[in-house]
Amino acid sequence: MAHSTGSNQAIKPGSTLLKSFVGVAAIKKGYEGVDRDKASHDESTTVQSMRIARTVYEASKDSLYFSHQQKRDQAITEKCNALVERKRLLEESDTTSQLVHADKVVARLKENRDLSQSIVHIDCDAFYASVEQHDRPDLKDVPFAVGDTVVAACNYIARKTGCRAGMVIAVAKKMCPNLTIVKPNHDRYREVMAQICKAMEKYDPGYEICGTDEAYLNITKYCTEFGTKPWDVVESLRKDIRHETGIAVAAGIAANIQLAKISSTFIKPDGQYQLPSEPDIIMAFIKDLPVRKVTGIGYTLDRQLASIGIATCDDIFSQRQFLRDLFGDRLFEFLLEVYLGCGRTELQATLEQQKKSASIERTFKETSAPDIIERNLRTVCEDVEAKLKELNRAGQTLTVKVKMNDFESYSKQMKLPKAISSARDIFQHSLPFVKATVASKPHQACRLLGVRLTQLVSKEYTLSAAFQRMADRSTHSESDSLLGVKEKELPSPAGKRKLGDNLESCELSPRKKKLNLATESSEINPLESFRCPSEMIRCPICDQDQPPDNVLFNQHLDICLSLSEIQKYS
DNA sequence: GCGGATCAC
DNA sequence: TATGGTGATCCGC
């Protein structure tokens, strides 16, 4: 294949753009599956990663996505340049006080670190692919990838051809023409994860789930209780998991979650690695580790650190006098912790984790037609409503996100006077920003809409929830959408259906319309819509009937609500 | 409080 | 045939 001068220049080995092409997975995980079989990073590895980068580059160079990435990369480069310049100035000044301070912090961290715990990190390598391969033996010997438009996971045969998680499937197929694509089956993966949880419970009921395919356990207690060694415990845990689910997991054992996680990557996809909890051994283990492998150090920070001469964890120490000035207090301390191999030892039990936000964002075929955009927004809002309902929460801060087809995104966050949860409320608060943003970019189209609610409050005792329950009771309604027909059910092609600003133009069935109106008016005067003349009103908190008088009923509600609040905290 | 970025999976 | 979705956190206003 003849290389054009253009692409040769654009994609020099080591160029930052090349790095971002090969993808997060390849950099972070060290080209697993490709050079794992080789003893060292020899020339063929470089050739292989160059081939991947070149293929991705050729497929992407004309896309809007590419120009956006280029722009982003340029911004990071400028950040790095500024950093280098600031470091140069620092080098000219007297940095002894910063050096002393850094050493004090190091001493403090050393003093306080806890090496008494046995933390285990369980990692299901290429989880989706493992599950699919287990369920479908026909996939065993063919290259395949799980994913929709982007590869979520692929097996080792596919990886050898350069297929990677995060790659666009069209590109992956270019690299591996006989790649089989499997649609993800999330319910099934959740099921398998639940089985894994069941197996872990025996060893530590306080285990922590992290993402869809990772977990931490603290087996210290189990070990002392049964007089067993961590290594043996993890062996039987992995055996249990394999027996229950049929899939293999990797495990890392160390003094804290940071080290355990790094340890588990040492023996992927199947095996276990224990890092002894002795300071000298930990320091030796960390010493030459590229900082990029550490959780919390991503593409951007890695490049910033590299620009000032920090590639490995040991380099952090030699540059410690500059870090506070360059990165601020928080990052400074984090980096020193990395250097020392410090990390969290307390797990957050999965059951006790409370969500802080609920969000939906969706990418669709780009469009600038206001009615389609509006309809997409409606769908997104409905899905957020459903999610909030599941959590039994309402949110007081709303964030709306719009991404245009140049991949630039804009967001607006608003603190609302009160927590909301209905699709209608969310939609009404989101729409103005979406409309304004789209209108301000007349030559672009919208490709994504997102809605997030934060500052979640329990709906348990909020008025709107209470009245929603009343509404449900009085209409015997199922959980039908408040906003009418879902897009996929629309009989007419997109665009034909004209939806105005006014929600009344939604075609709603009589019953839905009623519920719709009821919900709407509940915002303004909740009582009005449910008041049945000369009938008692049932208080949704205490479930007692009350006289049909708004003022009296409001007073009663106030008392009832404060009572239940008091009960909650006493 | 807000908007943008970053990070992980 | 063409670059995802969810949740969290931090920084600098």
Atom [atom1] of [X] and atom [atom2] of [N]: how far apart are they, to the nearest Å?
X: A/L448; N: C/dT6; atom1: CG; atom2: P; value: 9 Å
X: A/F364; N: C/dA2; atom1: CZ; atom2: C1'; value: 17 Å
X: A/D302; N: B/dA5; atom1: CG; atom2: C1'; value: 16 Å
X: A/M404; N: C/dT3; atom1: CE; atom2: P; value: 16 Å
X: A/M167; N: C/dT3; atom1: CE; atom2: P; value: 15 Å
X: A/Q70; N: C/dT3; atom1: CD; atom2: C1'; value: 15 Å
X: A/R303; N: B/dC7; atom1: CZ; atom2: C1'; value: 16 Å
X: A/L453; N: C/dT6; atom1: CG; atom2: P; value: 13 Å

Between [options], spot the one nearest the side chain of [X], thanks.
X: A/Q455; options: B/dT6, C/dG4, B/dG1; answer: B/dG1
X: A/R362; options: C/dG5, C/dA2, B/dG3; answer: C/dG5
X: A/V168; options: B/dC2, B/dT6, C/dA2; answer: C/dA2

Taking atom P in both C/dT3 and B/dA8, compute the distance separating them and give it to the nearest angstrom.
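One P to the other, the span is 24 Å.
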May I ask you to check whether [Y] and [X] place their ring centres under 6.0 Å from each other?
X: A/F407; Y: A/Y65; answer: yes
X: A/Y207; Y: A/Y216; answer: no
X: A/Y273; Y: A/H121; answer: no

When we call it a touch if two heavy atoms are under 4.0 Å apart, what does [X] touch: a base, just sugar-phosphate, or nothing?
X: A/K173; value: nothing
X: A/K401; value: nothing
X: A/D148; value: nothing

Do the side-chain N or O atoms of [X] get closer than 4.0 angstrom to the phosphate oxygens (OP1, OP2) of [N]?
X: A/T300; N: B/dC7; answer: yes
X: A/K412; N: B/dC2; answer: no
X: A/R72; N: B/dA5; answer: no

Can you list the steps and then say if A/K403 with A/Y410 is a side chain to side chain donor-acceptor pair (under 3.5 Å)?
CA-CA 6 Å; A/K403 182 149 77 177; A/Y410 309 88; over 6 Å; no
Take the angle between the ring planes of A/Y189 and A/Y128 and call it parallel below 30°, perpendicular above 60°, tilted in between.
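Aromatic pair A/Y189/A/Y128 classed parallel.
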Are A/K415 and A/Q455 close enough that a side-chain donor and a side-chain acceptor fall under 3.5 Å?
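On atom types as modelled, these side chains qualify, holding a pair under 3.5 Å.
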Just checking, is any N or O donor in the side chain of A/K459 or A/S421 under 3.5 Å from an acceptor N or O on the other one?
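Short answer, yes.
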Could you say whether A/I76 or A/E214 is positioned toward the 5' end of DNA chain B, judged by the nucleotide with the nearest heavy atom to each?
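Upstream on the strand: A/I76.
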Between A/K79 and A/C210, name the one whose nearest nucleotide on DNA chain B is closer to the 5' end.
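Closer to the 5' end of DNA chain B: A/K79.
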With nearest nucleotide decided by heavy atoms, which residue, A/E361 or A/K174, maps closer to the 5′ end of DNA chain C?
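Taking each residue's closest nucleotide, the earlier one in sequence belongs to A/K174.
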Between the base of C/dT3 and the side chain of A/S60, is one N or O donor paired with an acceptor at under 3.5 angstrom?
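Present.
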A/R164 side chain reached by A/V151 side chain, heavy atoms, under 4.5 Å
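Counting from C-beta outward, A/V151 and A/R164 never come under 4.5 Å.
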Tell me, for nucleotides 7-13 of chain C in 5' to 3' order, what letter each nucleotide earns: B for a base near a protein heavy atom under 4.0 Å, S for only sugar-phosphate near one, - for neither?
SSSSS--
